[in-house]
Colleague: 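My questions will all concern the structure given below.
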Amino acid sequence: MMSGSHLSKDFFDLVKAIGESKSKQQEDNIIVEEVATLKKRMPEANVSKKKMKEFLIRLVYVEMLGHDASFGYIKAIELAAAKNLVQKRVGYLCSGLCLSPSHEFRFMLVNQLQQDMASANYLEVGAALTATLRLATADMIPALTAHVVKLCAHGRELVRKKVVMVLHRFHQLDASAVEHLADTMRRTLCDKDPSVMTAALCLLHDMIAANPAAFKELVPSFVSILKQVVEHRLPRDFDYHRIPAPWAQLRLLRVLAHLGRADQAASEGMYEVLSDVMRRADTGINVGYAIVYECVRTITTVYPNSTLLDEAARSISRFLQSENHNLKYLGITGLAQVVEGHPKYAADHQLAVIECLEDVDDTLKRKTLDLLYRMMNPVNVEFIASKLLQSLESSTDEFLRSALVSRLCTAAERFAPSNDWYVSTVIKVMELAGDLVQPEVSQNLVALIAEGGEDGDAESELRPAAVDRFAAMLDWEAIPDALLHILAWVLGEYGALATCMPLDALAVAVAELAFDDARLRGSLKARSLLVTALLKMVAQLEGGAGAVEGVVAKLAERFVSSSELELQQRSLECLNLIDAAKLEPDLLADVLPYDASLEDPLDGVVSEGPDGSRNADDALGFLDKFVASALNAGAAPYAPPREDEDEDEDEAEGPAGGFKFEAYAKPEKPTFSPNVRDPSFGAAPGQNHFAVDVSNDAAIAAAMQASEGGAPPPGSFNPKANAIGGRLGRRRGAEPSLLDLMDDAPPAAPPAAPPAAPPADLLGDFGAAPPARRPRRPPAPATDFPFAAFSGLSVSAAPAPFSPLALATNDFGAKWGTSKHERKRECPAPPNLGLDGLAAKLQRANARPVEAIPATNELILAAAHAPSGAPCLFHVKLLPTRAALVTVRSTDPAAAQAALDAATAAIP
């Protein structure tokens, strides 16, 4: 650098100081000094363009090392207009490196770019096109497109290649801005220069990926180009390690993959050239392996051909057998793509893939794990799971162990050949990595043992085998916490089924484990569960339980004063039950019945009414004396909560008790009477013929009575005066009603209040201040029937209360959170009812399914309440007790209740 005459000593010292700096702080000090120097010298009037070029390069260093150099941006714009080509290129370079995409200085270069593109010097044209690649924004495309397109026919291949690159950049910025140039872009593929053609491949690849159907007719052209490339028709300058234009081959293969996807006609024209490319590329060098791998990807993407798939499988086999980790990785990735659409090829490479799982390369291990998970099926799940368990046992990488646990648990759920295999596999996983197992897996295991599987032989096979497995764990030095919880539940529920030892000996072994702090590792939760398990085992002992009771009582006495509240409570309950059982021998069997985990705890305790509601009065009568004592002491009587206790007071239901769904009675045609004050009486057609004075209740009542041919007795109450408008009636001394405010005529003086009781408002009371005055409706067309405005209220049939509501899962979740009115009820469900049957039943109530969750037996649906238009969101969960828990949320309380009634009526 010292020998360059174009470099100053200051610039050399700057680069040297930056390279020799020992810390970030020292580097920042150097740049701060440089910034001060540039701010001082760049604005000087006598700075030459040659010196300014050096200043801009130093400015790039400042910007590159994270400091602000915006003070010199304008100088880069100015230097881009220089006549000297080197200076021009430095100005463009500094602008492209320093100006952010949204910087307003970029637009100052548009005019200069246009001038340089029109230059006769192809080097200036090339510099402008190169700068356009860096500086162009979506807003600049319209101003530059015409100038760029003119250069497509330029005589220099360098310019034409840069034009293609600029068009590609425009397409990346805004595809719609250059979509009218599709034909121009296609013609670039036919350029006589290979460099222009290969540049066009990148542009066309992006366009084809976005819309393959529009380029199907180019399949023969791409096949012809690829064939010419592999046959060495291009100049030797494009070869790399004796492979002709490898990057062009890779791009062409990706283009053909897009065009041949799910298209048999297009794919048939590719088969021959794909086989030829794969055969010629397998030369034993890395770039050849890359082309072979891309061929495998293309073969698995286009319409399948058995011959090509066999060739791809053979190529993958060579990759898997290689000692090179990179080639093994290629083989695993390629086989994953083949297996995804053609699982039959997995069996041939199963052992080779499993060997990769034992490789020292962690990346290869993770990729192999994903492939093995894809290869699993009910036939090979036992073999592959055993290999995965071996890897889990030997692995120390927490991320790999977590992935192994997840894959094993999922595979056991999906492909378990038997319930016994599932139980043993999950137990083994929990033994090796219990802290990584999700709680749902433990719950599913417990549920399977409780239900006894699907074959009905739980007592003869599944449960005894599970009990023996957990009983064998009592001798372990350490038991994972999650597995210990399941052990306590299984031995407590089904310890009597143990075949390895009698129940009393099993209970003593469990008690020894509960006493052992070292083996429990201080888990108070596990000790609490073991105390309950021991109590259940005592209840299952038919005779000779005295010794076991003594051991259990000793254990409970030790922890009855524990600082852990749950352990203390369980220990105290255990002691009390053991003492009570001495007076009533059958008490423990009644309180802790055998195999009752799936039974409803309220069965036999409370009775059910005809409507399915439970009545606890018959079983809880012993509490009457306590209730009477509390009432005598001044306690308030029990008031059952209303269903809508969470509603605001202003949303309370009126005396009508909710919405009316049955059809309204057809109104009778009233007789016009002069007792109704009608300012438009005798008016011309087109004027309003129905104007009732609603300024007081007496006038309305008189008008309605007169319309039926009679006058009301003085002081009587006419309900029609309230019913016609819903809220026309009002209390004496109350504010004017809404209909009072709609009358333009001045209100008449109210008559003396009648002595009768105040009228009842059917929809609630307007005790608060009246709302703002609503605008008057436009006059209705003239008609001979004065009550024509109300004729639409008569319907022949009631509308359906609900209509299906189409919602996505995300929209359902958003609406669920904003719907504050919730109703919940448990209803009986038919035996063997699945989610499909449940959805079919609820569709009869016009509820549209949104998503089914088989893992948890849950279903979500949506409907719209027709009278109110409020959305109703349903969440239904099938319970193990042959019941369904229905939860409904809505923005309207009446709609939520109606939806709950409809859903629970449709399920049984």
Colleague: Crowded around D362 CG? As in, over 12 foreign heavy atoms under 6.0 Å?
Modeller: yes
Colleague: Any side-chain heavy atom of E398 sitting closer than 4.5 Å to one from L436?
Modeller: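 Yes, at least one pair of side-chain atoms sits under 4.5 Å.
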Colleague: Would you check if there is a donor-acceptor pair between the side chains of R570 and T532 at a distance under 3.5 Å?
Modeller: yes
Colleague: Do R527 and D481 meet the salt-bridge criterion of a basic N to acidic O distance under 4.0 Å?
Modeller: no
Colleague: Step through the shown structure and confirm whether more than 12 heavy atoms of other residues, nucleotides or ligands are within 6.0 Å of NZ on K877.
Modeller: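 Yes.
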Colleague: Can you tell me how far CG of L408 sits from CG of L388, rounded to the nearest 0.5 angstrom?
Modeller: 5.0 Å
Colleague: In terms of side-chain geometry, is the basic nitrogen of E477 or R519 positioned less than 4.0 Å from the acidic oxygen of its partner?
Modeller: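 R519 and E477: not salt-bridged.
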Colleague: Identify every side-chain donor-acceptor pair in residues 573-583 under 3.5 Å, counting partners at least two apart or on other chains, and give the distances.
Modeller:
| from | atom 1 | to | atom 2 | distance (Å) |
| --- | --- | --- | --- | --- |
| E573 | OE2 | Q569 | NE2 | 3.1 |
| N576 | ND2 | L572 | O | 3.3 |

Colleague: Nearest 0.5 Å, please: how far is CE in M473 from CG in D468?
Modeller: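 Result: 11.0 Å between the selected atoms.
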Colleague: Output all residues satisfying side-chain contact (heavy atoms from CB on, under 4.5 Å) with P480, sequence neighbours left out; order by chain, then residue number.
Modeller: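 Here the qualifying residues are L483.
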Colleague: Apply the test salt bridge (Lys or Arg N to Asp or Glu O under 4.0 Å) to residues D397 and R366: give CA-CA distance (whole Å), side-chain angles for both, the deciding distance (0.1 Å), then the verdict.
Modeller: CA-CA 11 Å; D397 184 355; R366 292 188 179 89; 2.7 Å; yes
Colleague: Are D420 and R469 within salt-bridge range, i.e. N to O under 4.0 Å?
Modeller: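 A salt bridge is present here (some side-chain N lies under 4.0 Å from a carboxylate O).
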Colleague: Under the rule for side-chain contact (heavy atoms from CB on, under 4.5 Å), what residues qualify as partners of N380, not counting sequence neighbours?
Modeller: Q350, M376, N377, I384
Colleague: Taking atom CZ of R558 as the centre, report whether more than 12 heavy atoms of other residues, nucleotides or ligands fall under 6.0 Å from it.
Modeller: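 Atom CZ in R558 is packed in, count exceeds 12.
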Colleague: Does any non-hydrogen side-chain atom of T410 lie less than 4.5 Å from one of R414?
Modeller: yes
Colleague: Is the number of heavy atoms from other residues, nucleotides or ligands under 6.0 Å of N632 CG greater than 12?
Modeller: yes
Colleague: Apply ring-ring contact (aromatic ring centres under 6.0 Å, His included) to Y422 and list each qualifying residue two or more places apart in sequence or on a separate chain.
Modeller: none
Colleague: Nearest 0.5 Å please: distance from the CG atom of L513 over to the CG atom of L491.
Modeller: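 Taking CG in L513 and CG in L491, the distance rounds to 9.5 Å.
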Colleague: Do you know the tightest heavy-atom contact between L530 and A488?
Modeller: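 Closest approach of L530 to A488: CD2-CB, 3.8 Å.
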Colleague: Please tabulate, one pair per line, all N/O donor-acceptor pairs under 3.5 Å involving side-chain atoms of residues 899-908, not counting sequence neighbours.
Modeller:
| from | atom 1 | to | atom 2 | distance (Å) |
| --- | --- | --- | --- | --- |
| D901 | OD1 | R825 | NH1 | 3.4 |
| D901 | OD1 | R825 | NH2 | 3.0 |
| D901 | OD1 | Q897 | NE2 | 3.2 |
| T904 | OG1 | R825 | NH1 | 3.1 |
| T904 | OG1 | L900 | O | 2.8 |
| T904 | OG1 | D901 | O | 3.2 |

Colleague: Which pairs pass salt bridge (charged side-chain N to carboxylate O under 4.0 Å, His left out) with one or both residues in residues 847-861, sequence neighbours excluded?
Modeller: none
Colleague: Indicate the atoms forming the closest heavy-atom contact of S890 with P871, along with that distance.
Modeller: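 Scanning both residues, the minimum pair turns out to be OG-O, 2.9 Å.
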Colleague: Atom CG of L392 and atom CG of L432: how far apart are they, to the nearest 0.5 Å?
Modeller: 5.0 Å
Colleague: First locate atom CG of L861, then atom CG of L873, and finally report the distance between them rounded to the nearest 0.5 Å.
Modeller: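 If I round to the nearest 0.5 Å, the distance is 10.0 Å.
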Colleague: Which word best sums up how the rings of W489 and Y494 line up, parallel for under 30°, tilted for 30 to 60°, or perpendicular for over 60°?
Modeller: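 Taking Y494 first and then W489, their aromatic rings stand perpendicular (interplane angle over 60°).
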Colleague: Hey, what do you get for CD (Q540) to CG (L588), rounding to the nearest 0.5 Å?
Modeller: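 Between atom CD of Q540 and atom CG of L588 there are 11.0 Å.
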